[in-house]
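Heads up, the thing below is written out as structure tokens.
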Amino acid sequence: MFSTLVQVSLVFVPSLVICQLLLNYFTPGLGKIPGPFLARFTDVWRFVDACRGHREQTILRLHKKYGPVVRLGPNCVSVADPEALDLILGLKSNLDKSDHVKPMQNPVEGEVLPMLIAAIDSKVHAQRRRPIAGAFSMSTLLGYENIVDENINRLTRRLREEYVEGDTKRICSIDKWMHWFSFDLIGQATFSKRFGFLDAAKDINNMMFTLDMQFIYIGTVGFMPWIDYFLLKNPLLLALVKTPNYLVSFTNERIRKRASGEEKGDLERPDFLSRFLDAQQQHPDVVSDLQVKAYASTNVLAASDTTGAALSAILMFVLQQPTVMSKLQKELDDNALTYPPRYSEVKKLAYLDAVIMEALRIHPTVAVELERKVGAGGLVLSTGEELPPGTIVGVNAWPVHRNQDVFGKDADTFNPERWLRGADEPEAEFGERLRGMQRKFIEFGYGPRACIGKHIALLELYKSISTLFGLFELSLAEPNRPVKVHALLSAKIIDLNIYIQERDRPVPVLAAA
Ligand code: HEM
């Protein structure tokens, strides 16, 4: 009896798998869309490719080979046509997200955090976003400027202590400092409490490690989200370990202590947590206690790694091009800035702006597609393909930002000048070209799901990049070594080793009172 059962299973199970693979291959409506052969059968192709950690290169290569629409899985398509942004990510279509985001949701005490970024249904998303939108507006964020200044001052002090002072020249892995800096900053902006990475100059309580593991998890399991139910959301695991993530425990602790009065926010400059608690008072029907935890955890998850990675990318591109660096430093010197400068001063510096935009264009921080699910009516792309309801359709910033019609024939090279008016370019023509590029610049996403923290991220980038190049002479320690990029969810520069020296710069003359 047992051996018959085994024999039947040996025939039945493989037949079932083969049938499923064939059904996948022949998914209605996607047959004519080109893409890797194996990807037509199974999402394992995407999963394995993601594990290699070069997501951005894969997607660039596939679009170069197959054109603007590529089939990446049995039911999944990537679109690199900048004209399709409105259709896929825009407010009018308002498509739901795919299950790709489910592994982002951290479990906490047996419940899954309702994170804004992981809301699948568009209506649920709008409900979650509305109560806290004001906390991220430009006018509110300028109130955070002093927090950014404090952290920039701490960063420059620590860099001086570790690498500038003393007689020996020491190598600095600046990518790590950029992550410590952005972590400490978002900790202070969210909870009025820094994590303390800049002081310790190392990981604390494995928080960085946990977040790195979480990003690896999201960046791989996200392509086969059902695995999440057997791993992180496994009921057995959740029963044994109530909150299997130190970052979430840290967040819970802050909220508990704030509620009990053990910790207080700064009354002069309300932090994100106090704004989330205000939102709870005003919208008690939407903002539950669990929702406050979710807002706070999302802040740390979405803000730390991305901003750190973006800072490292900008530094790398400037360091690789000495002419860009001297032009940037000249602009900073000509403006006689004191450091850290006010955001209003540096935001209007044309060359700094061009350098930052260009680095984020050619090396977007998010390395995966922003995925959406086609609604009941299907979706017709401007390139003619008709995607049936339920198709997962994604847009990845990497190929979009390399589009030559929008960004110019040299779109594959780093050239800040493209954001500036050419010598013979009429003003009206430049204005149109610039607006065209800005409309298709999707570093921070696009449409109703676009990054809510964009303004604070930019505040951080403009102020810290200008300070680092304004105060220091930075140079690559190994200029001939190819740069290492590890790209799963975000495209991170690894081991960006540099030397730091004090700059011999003109002392700014303060205007007479
Ligand atoms: C350079 C830094 C950053 C980059 C490149 C970035 C990028 C993005 C992108 C592309 C999205 C859209 C995801 C999608 O469409 O699926 C997003 C969403 C989000 N980001 Fe950022 N982000 C950055 C910094 C920040 C910061 C500093 C914060 C918080 C202070 C933040 C909080 C969020 C949140 C909460 C969402 C979800 C928004 C929603 O679903 O409504 N991000 N980010």
Side-chain angles (χ1 to χ4, degrees), residues 85 88-91 94-102 104-105 113-133 135-137 140-141 144 147-148 151 178-179 181-183 185-191 218 222 271-273 275-276 291 294-314 356-357 359-361 363-373 392-398 400-401 441-462 464-465 489-492:
L85 292 182
I88 298 169
L89 303 175
L91 182 60
N94 212 9
L95 299 182
D96 289 347
K97 278 196 174 178
S98 74
D99 286 354
H100 181 77
V101 288
K102 279 193 173 167
M104 276 187 198
Q105 294 179 295
L113 283 180
M115 298 169 84
L116 179 64
I117 199 162
I120 292 196
D121 185 285
S122 296
K123 290 195 197 77
V124 171
H125 168 262
Q127 256 180 12
R128 282 184 198 163
R129 181 156 169 148
R130 213 167 294 127
I132 55 157
F136 293 87
S137 70
T140 316
L141 287 178
Y144 290 118
I147 296 180
V148 178
N151 283 278
M178 293 299 98
H179 275 90
F181 165 71
S182 43
F183 242 102
L185 204 162
I186 197 64
Q188 196 174 347
T190 307
F191 307 111
I218 301 166
D271 54 21
F272 276 111
L273 180 56
R275 290 182 197 275
F276 298 155
Q291 188 62 64
Y295 286 145
S297 306
T298 311
N299 244 33
V300 179
L301 183 83
S304 52
D305 200 67
T306 45
T307 317
L311 281 166
S312 301
I314 301 166
I356 291 179
M357 290 296 281
L360 301 180
R361 178 195 71 79
H363 185 105
T365 307
V366 177
V368 289
E369 293 76 69
L370 307 177
E371 286 189 0
R372 304 292 184 263
K373 202 157 52 194
I392 294 168
V393 57
V395 180
N396 188 314
W398 281 74
V400 170
H401 283 186
F441 177 81
I442 55 167
E443 161 77 357
F444 295 98
Y446 190 94
R449 303 291 186 106
C451 181
I452 201 169
K454 173 181 166 179
H455 296 305
I456 192 165
L458 290 174
L459 182 84
E460 221 174 306
L461 299 184
Y462 279 74
S464 40
I465 290 293
L489 207 55
S490 52
K492 289 203 271 197

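Atoms within a ligand are numbered from 1 in the order they appear, just like the ligands themselves. Numbering of residues begins at 1 and proceeds along the displayed sequence. These numbers come from the heavy atoms of this one structure, side chains and all, not from hydrogens, waters or symmetry mates.
- In this structure, of Phe272, Phe444, Tyr144, Phe136, the residue bringing a heavy atom nearest to atom 6 (C) of ligand 1 is Phe444.
- Remark: distances from the non-hydrogen atoms of Glu369 to ligand 1 are all 4.0 Å or more.
- Remark: distances from the non-hydrogen atoms of Met115 to ligand 1 are all 4.0 Å or more.
- For atom 33 (C) of ligand 1, the nearest non-hydrogen atom of the protein is Ala302 CB, 3.6 Å.
- Looking at Ile218, Thr298, Leu113 one by one, the single match for side chain to side chain contact (heavy atoms under 4.5 Å, CB included) with Met104 turns out to be Ile218.
- Within the set Thr306, Ile132, Val300, the minimum heavy-atom distance to atom 23 (C) of ligand 1 is found for Thr306.
- Residue contacts with ligand 1, taken as heavy atom pairs separated by less than 4.0 Å, do not involve Tyr446 at all.
- In this structure, of Ala397, Ser490, Gly453, the residue bringing a heavy atom nearest to atom 28 (C) of ligand 1 is Gly453.
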side-chain contact (heavy atoms from CB on, under 4.5 Å) assessment of His455 paired with Phe136
CA-CA 7 Å; His455 296 305; Phe136 293 87; over 6 Å; no

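- Atom CG of Leu459 and atom OG1 of Thr307 lie 11.0 Å apart (nearest 0.5 Å).
- When the options Arg449, His100, His455 are ranked by their closest heavy atom to atom 12 (C) of ligand 1, first place goes to Arg449.
- When only interatomic distances are considered, the shortest N/O to N/O separation between Glu460 and ligand 1 does not fall below 3.5 Å.
- Looking at Cys451, Ala310, Ala189, Ala491 and measuring to atom 20 (N) of ligand 1, the nearest heavy atom belongs to Cys451.
- Looking only at heavy atoms of the protein, atom 40 (O) of ligand 1 is closest to His125 NE2, 3.2 Å.
- Between Phe272 and Tyr144 the shortest side-chain heavy-atom distance falls below 4.5 Å.
- Annotation: the span from Thr306 atom OG1 to Lys454 atom NZ amounts to 14.0 Å, rounded to 0.5 Å.
- By the criterion of a heavy-atom distance under 4.0 Å, the side chain of Arg372, and not its backbone, is placed next to ligand 1.
- Between Ile392 and His100, the closest side-chain pair of non-hydrogen atoms is not below 4.5 Å.
- By the 3.5 Å distance cut-off applied to N or O atoms, Thr298 is not counted among the residues near ligand 1.
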How far apart are the C-alpha atoms of Phe444 and Leu458, what are their side-chain angles, what is the distance that settles it, and do they pass the side-chain contact (heavy atoms from CB on, under 4.5 Å) test?
CA-CA 10 Å; Phe444 295 98; Leu458 290 174; 3.9 Å; yes

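- Ligand-side atoms of ligand 1 in range of Gly445: 10 (C), range being under 4.0 angstrom from any heavy atom.
- For atom 36 (C) of ligand 1, the closest non-hydrogen atom on the protein side is Ile117 CD1, 3.9 Å.
- Nearest protein neighbour of atom 5 (C) of ligand 1, counting heavy atoms only, is Glu443 OE2, 3.1 Å.
- A parallel orientation is assigned to the rings of Phe441 and His401, their planes being inclined by less than 30° (bins at 30° and 60°).
- By the criterion of a heavy-atom distance under 4.0 Å, the side chain of Ile456, and not its backbone, is placed next to ligand 1.
- Distance check: Asn94 CG to Arg372 CZ gives 9.5 Å after rounding to the nearest 0.5 Å.
- Less than 4.0 angstrom separates some heavy atom of Ala457 from each of these atoms of ligand 1: 2 (C), 24 (C).
- Residue contacts with ligand 1: Ile186 is included, with a non-hydrogen atom under 4.0 Å away.
- In terms of protein heavy atoms, atom 34 (C) of ligand 1 is closest to Ile452 CG2, 3.6 Å.
- At least one side-chain heavy atom of Leu489 sits less than 4.5 Å from a side-chain heavy atom of Val368.
- Residue contacts with ligand 1: Glu371 is excluded, as none of its non-hydrogen atoms falls under 4.0 Å.
- Closest to atom 29 (C) of ligand 1, if we only count protein heavy atoms, is Ala303 CB, 3.7 Å.
- Annotation: Thr365 places no N or O atom under 3.5 Å from an N or O atom of ligand 1; distance criterion only.
- Scanning all protein heavy atoms for the shortest distance to atom 16 (O) of ligand 1 gives Lys97 NZ, 2.9 Å.
- Listed by number with element, the atoms of ligand 1 under 4.0 Å from a non-hydrogen atom of Leu370 are 13 (C), 14 (C), 15 (O), 16 (O).
- Close approach of ligand 1 to Arg129 (heavy-atom distance below 4.0 Å) involves ligand atoms 38 (C), 39 (C), 41 (O).
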